[in-house]
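A, B, ... follow the sequence lines: proteins, then strands. Residue 1 opens every chain.
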Amino acid sequence: MLTEIVIEVLQLSIVMFGSPLLVGVIRKAKARLQGRRGASVFQPYADIRKLLMKEVVISENTSWIFRFTPYLLATTMLLSALIVPVLATQAPLGFMGNIIALMYLFLLGTFFLALAGLDAGSAFGGMGSSREVALAALAEPTVLIAIFGIALRAGTTSLDGIITRFAAEPLLMLNAGHLLAFFAFFIVALAENGRLPVDNPATHLELTMIHEAMVLEYSGRLLALVEWAAGMKLFLFLTLLSNLFFPWGVALTNTPVALVTAFVALAVKLLLFAGAIALVETSVAKLRLFRVPELLAGSFTVALLAVVTSFFIK
Amino acid sequence: MTIDSPVMLDLFLVTLAGFSTGAVGALITARSPNWARIVGHGGALLGALGALTFALAGLAGGTMKLDIPELLPIGGAVFGVDRVSAFFVALTALGAIPAALYAIGYTREYAGRHSLAGMGFAFNVFVAAMVLVPLARNVLTFLVLWELMSLASYFLVITEHEREETLTAGWVYFVMTHAGFAALLLGFLLLTRATGTPSFTEWSAAAARLDLNSRNLIFVLLALGFGSKAGAIPLHVWLPRAHPAAPSHVSALMSGVMIKLGVYGLVRVAFDWLGAGPLWWGSGMLIAGAISGVLGVLYSLVDADLKRLLAYSSVENIGIIMLGLGGAMLFQAHALPGLAALALLAALFHALNHAAFKSLLFMGAGAVLHATHTRNMEELGGLIKRMPQTALFFLVGSLAIAALPPFNGFLSEWLMFQSLLLSFQISAHTINLIFAFGVASLALTSGLAAACFVRAFGITFLALPRCEPAARAREVEWTMRAAMALLALACVVLGIAPALTLTPLEATVFDLMGAHADVKFNLTAVVADGGFGWIAPLWIAAGLVVFLLAVPLSLRLMGVNRRQRSYETWGCGRALQTARFEYTATAFANPFKRVFVLLYRPVKELDIEFHPESRYFVRTIAYYNEGRLIFEDTLYRPFLRMIQALAREARALQSGNVHGYLVYILVALVALLVLTV
């Protein structure tokens, strides 16, 4: 029981304190790829600290929804961190939900953030909300079909079960369906986290913003929470991609050695993903908004192919 | 008269007594609108409470058989109850109790303009008929009650008959409901002739002997009849017209409850009366459900009329329920009874949940209408500050309908996903792909529903009011708020306590299918198919609460800057913030209009009148952007044109000459005599 609590606390802390570092690493890698020196990888911590020290300026038009949303966002991500197997499959609170429940927890955060975007009554916020929910809705079929593809081969939708199954039978992953499902999920992860080519996290032009336009009115500690939650969401998505599709190193037993291995393996995998994202963001331009549905339709097709191949190649 | 289980009969009579008191009481007190309002809806409230007790006793296993041969020809009026019937009576009561309470306050403003006695009378007849429909046990009893339900609701729909659009809506409803009735009548007559009995309870045994063709025909007829009442696409055309036109407490009942009786019929047809059918019954049902779900929510997403938006969303939810029914039929055809029971369980659970949140949302929309006298979202906004409680209740309903945890819509859609994903246990590729299509469309539907209700809640309740009445809106009176509070509570409780509903539901499904659903549950958790998927809604809710308290508390302990200042919204340096700067409902839906342009086929027009001196000065700009309704345009209009053309031809027979008509009668009589002899 004690070890289980320790593991849960460890996983939560890794997500809580590791997510700014992940954001910093991606920014640094991007800067290097673009020939800049870039800020330190620890800059996001300094940013959050700075925001926490500042006073909050709130629009007169807003209601409690606007003030409540940052706390709810952080809450959904922290709760997800308890469900996602970050280090070990034996997470004691993993019984709270399977992968579908997890996706709907993320959607709960998106729902409130979109409301908060509308709350200040500015055209930018509304525009961001409208675009965000449109992309989230269009990404949803890909997510579920990719999950279908995984569940088909693993025989379960529980996160722990999928990892245990794939770790025990690595041959299951040597399947075209597995790779296709991975690609579909990767594109969805980019879209859901507001990365290029769907949304530019570094943009300064309101009219091209999606995520940034929604949170335009936030400041001070509320903005700190929003940014931190966005970092945690990215961290969790990449952890899911790492551990579901490449479960090497995830601790199947709760021994200290296994946990340390799992931590190192996770760090390596996340580093690779951070590099991949930086590479994508340096090499492709942002898509025009009404081109994005085509990208999502493409990823949906890939996910559907993953399912179909699984039916035919058992 | 044959009776068993006297307690059930007592409860049944108490229920009827409540509705009769309401109906007669409303007529007696017709002189005083205030009394008619309170007595009429108070009686309905008592009747609905009786119905709830009766239904709970029925779900606990109570049975009843009531046979009154004197009341109707061909078998008499026969009533009975099993768990399936009891479940739908419970669902009706769940909608009717808050609706009656709400109506006490809501109908206040009809005083002096419309007959409150008439409204109270029709309301009681409507609710009583809905309670009795699932209890009917032979053809004539069922059809009489079904028609009573349709007629009572028709009169309630045209309450505001001084408005042209209400009368049109009523007319479309009247025609569609009777077309559905005709299909049902034909199906029932064929089934009665084929089995030799009008009694529902004897059909399931007799239907197995029928040949496939007549079973197919009967299935199609009954599915069309019940599907049109449920509002499945393309039989939905009456729904987005009639539901918004009715007074809001009636809209709540029509969308929350009445269309579920269509589902009741479909359940009876598919799993009781006709027995297992060929594969295409289930595939057809599943595909129709997927299409209804996606198209329903797409229409809902672009509508600026708050109540019509909710009506379209009912089409969507009926689609989700039909996905479950179709899935159950396919599982049954592939000899997977446990999964079939799971899919049916998910469908029935979603029907119950939809009754709770859709009634809640219609009542919220009714409260907005009551306070601002408009349903047009483009004129609303900022109501969260003026009607904070209504806003909170509407938010709960929105979260529930968007299937977000920890509310009830999430739990039933989660179960639906589990049952559809488990379809990989079937080894037939076509069926696998049909299920994959179902999974994708359910995912798209729920994503779009979330977008739809961000828009509905955000535009209506947040930011600045877009017109004067919205700025002066006041919170509604306590009966209306209490009704919404009850339903909001139901959305939470049904969402976090699975054992509460799944226990009776599982028993219901077992009675119908003879197999236990592949699902285990206790007070806090649900596990599908031996660990295929699990969820602990109560723990998720608890986790949310704990972190929602812990995050601000730890920020405070960390000593962050807690100062807060109010200032105007940032707007790129413009001088003044007005509601004109806000994003509109139309703008919000625009990305969807562009992505799904094939469905909406919008007609855009931009008229700009320039100043005669210079084109750089604009006098007026008029912008139209209207979507077309493809089902009305492609399916119904050609049909209506054909009927009109036939009617013009038939006019030649109408001479207006009495002697001519006498000749027609004589000819008809002779023809009939010749035919029968």
Exercise: do A:Tyr104 and B:Ser446 side chains pair donor with acceptor under 3.5 Å: yes

Using a cut-off of under 4.5 Å for heavy-atom pairs, which of B:Phe581, B:Trp534, B:Phe592 has the most such pairs with chain A?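 Heavy-atom pairs under 4.5 Å are most numerous for B:Trp534.
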
In Å and rounded to the nearest 0.5 Å, what is the [atom1] to [atom2] distance from [X] to [Y]?
X        : Y        : atom1 : atom2 : value
A:Glu60  : B:Leu464 : CD    : CG    : 9.5 Å
A:Leu115 : B:Leu399 : CG    : CG    : 8.0 Å
B:Phe417 : A:Ile99  : CZ    : CD1   : 12.0 Å
B:Trp570 : A:Ser122 : CH2   : OG    : 8.5 Å
A:Arg221 : B:Met558 : CZ    : CE    : 12.0 Å
B:Leu444 : A:Glu140 : CG    : CD    : 9.0 Å

Using a 4.5 Å cut-off on heavy atoms from C-beta on, say whether the side chain of [Y] contacts that of [X].
X        : Y        : answer
A:Val307 : B:Val439 : no
A:Val308 : B:Asn432 : no
A:Leu79  : B:Ile540 : yes
B:Trp539 : A:Ile83  : no
A:Phe148 : B:Ser423 : yes
B:Phe532 : A:Ser158 : no
A:Leu304 : B:Phe437 : no
B:Phe547 : A:Leu82  : yes

Interchain contact, [X] with chain A, by part (heavy-atom threshold 4.5 Å):
X        : answer
B:Phe410 : side chain
B:Leu448 : both
B:Ala587 : backbone
B:Phe596 : side chain
B:Val595 : side chain
B:Ala403 : both
B:Leu422 : neither
B:Leu549 : neither
B:Ser441 : neither

For [X], is it the side chain, the backbone, both or neither that has a heavy atom under 4.5 Å from a heavy atom of chain B?
X        : answer
A:Phe300 : side chain
A:Tyr71  : both
A:Ser129 : both
A:Leu12  : side chain
A:Leu159 : neither
A:Ala136 : neither
A:Arg291 : neither

Verify side chain to side chain contact (heavy atoms under 4.5 Å, CB included) between A:Ile100 and B:Leu421, making sure each step is shown before the conclusion. CA-CA 11 Å; A:Ile100 298 176; B:Leu421 291 180; 3.6 Å; yes

Selection from [options] maximising heavy-atom pairs under 4.5 Å formed with chain B:
options                              : value
A:Ile145, A:Val133, A:Thr62, A:Thr75 : A:Thr75
A:Val143, A:Leu52, A:Leu216          : A:Leu52
A:Glu294, A:Glu217, A:Met103         : A:Glu217
A:Trp64, A:Phe112, A:Phe111          : A:Phe111
A:Val292, A:Leu78, A:Leu107          : A:Leu78

Please report the closest heavy-atom contact between B:Phe588 and A:Ser130, naming both atoms and the distance. O-OG, 2.9 Å

Taking side chain to side chain donor-acceptor pair (under 3.5 Å) as the criterion, tell me which of B:Arg562, B:Arg565, B:Gln564 meets it with A:Glu55. B:Arg565

More than 12 heavy atoms of other residues, nucleotides or ligands under 6.0 Å from CZ of A:Phe290: is that the case?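 Buried by this count: over 12 neighbours within 6.0 Å.
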
Considering residues, nucleotides and ligands other than B:Lys520, do more than 12 of their heavy atoms fall under 6.0 Å from its NZ?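 No, NZ of B:Lys520 has 12 or fewer neighbouring heavy atoms, counting only those of other groups under 6.0 Å.
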
Is the backbone of A:Ala120 close enough, under 3.5 Å, to the side chain of B:Thr569 for a donor and an acceptor to pair up by distance?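 Between the backbone of A:Ala120 and the side chain of B:Thr569 there is a qualifying donor-acceptor contact (under 3.5 Å).
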
Kindly determine whether B:Leu462 and A:Ser63 satisfy side chain to side chain contact (heavy atoms under 4.5 Å, CB included), including the steps that lead there. CA-CA 7 Å; B:Leu462 299 181; A:Ser63 65; 3.6 Å; yes

Test side chain to side chain contact (heavy atoms under 4.5 Å, CB included) on B:Trp414 and A:Asn98 and set out the steps. CA-CA 10 Å; B:Trp414 183 88; A:Asn98 61 351; 2.9 Å; yes

Do B:Leu548 and A:Phe68 pass the side chain to side chain contact (heavy atoms under 4.5 Å, CB included) test, and can you show the C-alpha distance, the side-chain angles, and the key distance before you say yes or no? CA-CA 9 Å; B:Leu548 271 177; A:Phe68 172 77; 4.0 Å; yes

